[in-house]
Novice: 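First the structure, which I've put down as structure tokens, then a few questions once you've had a look.
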Amino acid sequence: MRDVDDRAVLIASAPPVGAHLNIGFFEQVGTPAELAAVTANLPHAALHLALAMREQARATLSSLKATEHRRTVTA
């Protein structure tokens, strides 16, 4: 239960910049209940944007993953 409480504090303290990424990260690693908690605490005016934010996060994270696979390491 402590881990869930710690995550709730982390969610509540997340900066508003890149908010779609916060949602995307929790969609990937959190439980459905945690993701629901994240979106439930959005301002009422932003609730209708939650789906668009999830889609934007998926696109951003997918792009980052694709970039990671193309990188090469040089010494």
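On a predicted model such as this, the values are computed, not experimentally measured, just so you know. Atoms considered below: every heavy atom in the structure, side chains included; atoms not considered: hydrogens, waters and symmetry mates.
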Novice: Could you give all pairs that pass the salt bridge (Lys or Arg N to Asp or Glu O under 4.0 Å) test and reach residues 18-28, with sequence neighbours left out?
Specialist: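 Sorted pair list: Glu27-Arg54, Glu27-Arg58.
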Novice: If you compare all heavy atoms of Ala57 against all heavy atoms of Gly24, which two are closest, and at what distance to 0.1 Å?
Specialist: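 Closest approach of Ala57 to Gly24: CB-CA, 3.5 Å.
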Novice: Sub-3.5 Å donor-acceptor pair from the side chain of Gln28 to the main-chain atoms of Phe25, do we have one?
Specialist: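 The answer is no, because no donor-acceptor pair under 3.5 Å joins these two groups.
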Novice: Quick one: closest heavy-atom pair of Leu21 and Thr60, and the distance?
Specialist: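 In this case the closest contact between Leu21 and Thr60 is CD2-CG2, 3.7 Å.
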Novice: Find the distance between CG (Leu61) and CD (Gln56) and round it off to the nearest 0.5 Å.
Specialist: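 That separation rounds to 10.0 Å.
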